[in-house]
Amino acid sequence: MTTKTQTAKKQPTKKQQERKAAAIAKRKEVSEKAAAVAEQIKNDPDTARRFAAFAARMPTYSPKNQEMIFAQFEGATQCAGFNKWLEVGRVVRKGERAIKIMAPTERTKTDEEGSVVMDPKTGKPEKELTYIMVSVFDVSQTEEITG
């Protein structure tokens, strides 16, 4: 007789639950701002013109991320993450507010019980593409590292 041992899922702590709730709220807030800006771009020629000029400065970002950046910091010219700024010899000034965008990430697929789903053809864990909210900063929010 074979028995399947079940692994008990660890319950998230209160602090983890609060952080997750705050992240969901922030994601909703930023998405709503971007949706409002997208509507303005469609309906207001002046906003559409400003967005077109803005988007031309940010060609490496997806249209959705361009809208998200535009909604949070219309004057942005060059955005990068905290660590990227450090790599190029710049540091984000203390107290600067991050610009939130969506970034693709790959994660291991799990079933309802939390077990890893294996690919029947390769025998390796299945992966799935998902999006997470990440923080970027404009160059105007940074300063050169001295000394």
- Query: Going hydrophobic residue to hydrophobic residue with side-chain gaps under 4.5 angstrom, can you get from Tyr61 over to Phe70?
  - Reply: yes
- Between CD1 of Ile132 and CD1 of Ile101, what distance do you get to the nearest 0.5 Å? 10.0 Å
- Query: Applying the 4.5 Å side-chain criterion to the ILVMFWY set and letting contacts propagate, would Ile41 and Ile69 be lumped into a single cluster?
  - Reply: yes
- Message: Within this structure, what is the OG1-CD distance for the pair Thr110 and Glu126, rounded to the nearest 0.5 Å?
- Response: 11.0 Å
- Say whether, by atom type as modelled, one donor and one acceptor occur between the side chain of Trp85 and the main chain of Thr142 under 3.5 angstrom. no
- Message: So does Gln40 get a backbone contact from the side chain of Asp44, meaning a donor-acceptor N/O pair under 3.5 Å?
- Response: no
- Query: Do Gln66 and Phe51 have side chains that get closer than 4.5 Å, going by heavy atoms?
  - Reply: yes
- Enter the distance from Ser135:OG to Arg97:CZ here, rounded to the nearest 0.5 Å. 10.5 Å
- Quick check: does any side chain N or O of Gln72 sit under 3.5 Å from a backbone N or O of Met68, one acting as donor and the other as acceptor? yes
- Task: Please round to the nearest 0.5 Å and tell me the distance separating atom CD1 of Ile24 and atom NZ of Lys28.
- Result: 10.5 Å
- Minimal heavy-atom distance between Thr130 and Arg107, with the atoms involved, is CG2-CD, 3.9 Å
- Could you tell me the separation between the SG atom of Cys79 and the CZ atom of Phe73, rounded to the nearest 0.5 Å? 8.0 Å
- Message: Tell me whether Lys127 at atom NZ has more than 12 heavy atoms from other residues, nucleotides or ligands lying less than 6.0 Å away.
- Response: yes
- Task: Using atom types as modelled and distance alone, determine if a side-chain donor or acceptor of Ser31 lies under 3.5 Å from a backbone N or O of Arg27.
- Result: yes
- Check ion pair Lys84-Glu87 (N to O, under 4.0 angstrom): yes
- Exam field: side chain Gln141 to backbone Asp138, donor-acceptor pair closer than 3.5 Å: yes
- Message: Do Met133 and Ile99 land in one hydrophobic cluster if side-chain heavy atoms of ILVMFWY residues count as linked below 4.5 Å?
- Response: no
- Query: For atom CZ of Arg57, is the number of surrounding heavy atoms from other residues, nucleotides or ligands below 6.0 Å larger than 12?
  - Reply: yes
- Is it possible for you to say whether Met102 and Val136 belong to one hydrophobic cluster, with membership spreading through side-chain heavy-atom contacts below 4.5 Å? no
- Message: Taking the side chain as everything from C-beta on, heavy atoms only, tell me whether Pro63 gets closer than 4.5 Å to Met58.
- Response: no
- Task: Using the rule that two of Ile, Leu, Val, Met, Phe, Trp, Tyr join whenever any of their side-chain heavy atoms come within less than 4.5 Å, decide whether Val88 and Phe82 are in one cluster.
- Result: yes
- Message: Less than 4.5 Å apart, side chain to side chain, heavy atoms only: is that true for Glu29 and Lys26?
- Response: yes
- Note on the structure: The reported gap from CG in Asp119 to NZ in Lys109 (rounded to nearest 0.5 angstrom) is 9.5 Å
